[in-house]
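First up is the structure itself, then whatever we jot down about it.
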Amino acid sequence: MLVIADYRLAPEVQFPKPVEDIRDAMSWFLSNPSTILNDNPAGLPVTVDISKIAVTAHSAGSNHVSSLYLSPSVLAVDSPIRAATVGLALAGGAFIFSTSVPGIPFDILEQYYGSTETTLAKMPLTLLEEAP
């Protein structure tokens, strides 16, 4: 089964709101799998083992998912989402940010994170380096 979570976009919201949207969608699914299974247009029998989920994301979604799993303040260490997760596949995301890369609009990241300092402190690589 494939479940696709959506999230709000910057500049209407700032970090960590989109990351929380992903967390909340995953949490809702893990708490309500029968709702999804009962919405089966083909009427085929479907079973899902929600004790083992794999999460994949691309581009900005990779940034949000890595931020989710690397931010204990957003996703508790003892979260049912963590307990159920058996793997992550993150593709095409930006995990390192720099203010000095020509052509990269760092101001967009500052709008999302709130400041240069917060951007660098909350980029996925920094979160990984600080992870317990």
Side-chain angles (χ1 to χ4, degrees):
M1 167 169 286
L2 173 67
V3 176
I4 300 173
D6 202 356
Y7 51 85
R8 294 170 286 173
L9 302 175
E12 284 75 29
V13 295
Q14 287 186 311
F15 179 85
K17 295 299 183 197
V19 177
E20 293 170 343
D21 292 344
I22 299 294
R23 178 204 60 207
D24 294 347
M26 293 172 71
S27 179
W28 181 88
F29 171 72
L30 290 175
S31 298
N32 300 282
S34 62
T35 302
I36 301 290
L37 297 176
N38 291 336
D39 189 20
N40 179 353
L44 300 172
V46 177
T47 59
V48 175
D49 181 0
I50 61 168
S51 70
K52 296 179 181 145
I53 63 171
V55 180
T56 186
H58 179 260
S59 193
S62 289
N63 181 285
H64 297 325
V65 169
S66 62
S67 295
L68 174 64
Y69 281 85
L70 294 171
S71 300
S73 63
V74 180
L75 185 64
V77 174
D78 60 351
S79 164
I81 294 170
R82 284 187 194 276
T85 303
V86 295
L88 299 175
L90 307 175
F95 304 109
I96 302 171
F97 309 144
S98 174
T99 59
S100 62
V101 177
I104 302 295
F106 197 82
D107 60 317
I108 292 172
L109 292 170
E110 291 172 315
Q111 288 174 15
Y112 176 65
Y113 288 101
S115 70
T116 299
E117 296 76 24
T118 304
T119 300
L120 298 174
K122 298 297 181 183
M123 72 178 170
L125 179 61
T126 303
L127 294 174
L128 178 61
E129 291 171 343
E130 294 176 355

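Heavy atoms only: backbone and side chains are in, while hydrogens, waters and symmetry mates are out.
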Closest heavy-atom contact between Pro18 and Arg8?
CG-O, 3.3 Å
For a quick test of reading the model, state the closest non-hydrogen atom pair linking Arg23 to Leu68 and the distance between them.
CB-CD1, 3.5 Å
For the CG atom of Leu127 and the OG atom of Ser73, what is their distance to the nearest 0.5 Å?
8.5 Å
Taken to the nearest 0.5 Å, the spacing of Thr126 OG1 from Phe97 CZ works out to 9.0 Å
Is Phe29 close to Ile81 at the side-chain level, that is, under 4.5 Å between some pair of heavy atoms?
no
Applying side-chain contact (heavy atoms from CB on, under 4.5 Å) between Leu75 and each of Glu20, Arg82, Met26, report the one that passes.
Arg82
Measure the CD-CD distance between Glu117 and Glu110 for me, rounded to the nearest 0.5 Å.
8.5 Å
Short question: side chain of Asn63, backbone of Gly93 - any donor-acceptor pair under 3.5 Å?
no
For Ala131 versus Leu70, what's the shortest heavy-atom pair and its separation?
CB-CD2, 4.2 Å
Transitive ILVMFWY side-chain link Leu120 to Leu128, under 4.5 Å
no
Please name the pair of heavy atoms, one in Ala5 and one in Ile22, separated by the smallest distance, quoted to 0.1 Å.
CB-CD1, 4.0 Å
Contact between Tyr69 and Val55 at the side-chain level, heavy atoms closer than 4.5 Å - yes or no?
yes
Note, Val74 side chain near Ser67 side chain (heavy atom, < 4.5 Å)
no
From Thr56 OG1 over to Leu88 CG, what is the distance, rounded to the nearest 0.5 angstrom?
9.0 Å
Looking at Tyr112 and Val13, what are the two nearest heavy atoms and their distance?
CD1-O, 4.3 Å
Would you mind reporting whether Ser62 and Phe95 have side-chain heavy atoms less than 4.5 Å apart?
yes
Closest approach of Ser31 to Pro33 (non-hydrogen atoms, all atoms of both residues)
C-CD, 3.4 Å
Can you find a pair of side-chain heavy atoms, one from Met123 and one from Leu109, that are under 4.5 Å apart?
no
Just verifying a value: how many Å separate Thr85 OG1 and Lys52 NZ, rounded to the nearest 0.5 Å?
13.0 Å
Ile108, Phe106: one ILVMFWY side-chain cluster at the under-4.5 Å cut-off?
no
First locate atom OG1 of Thr119, then atom OH of Tyr113, and finally report the distance between them rounded to the nearest 0.5 Å.
7.0 Å
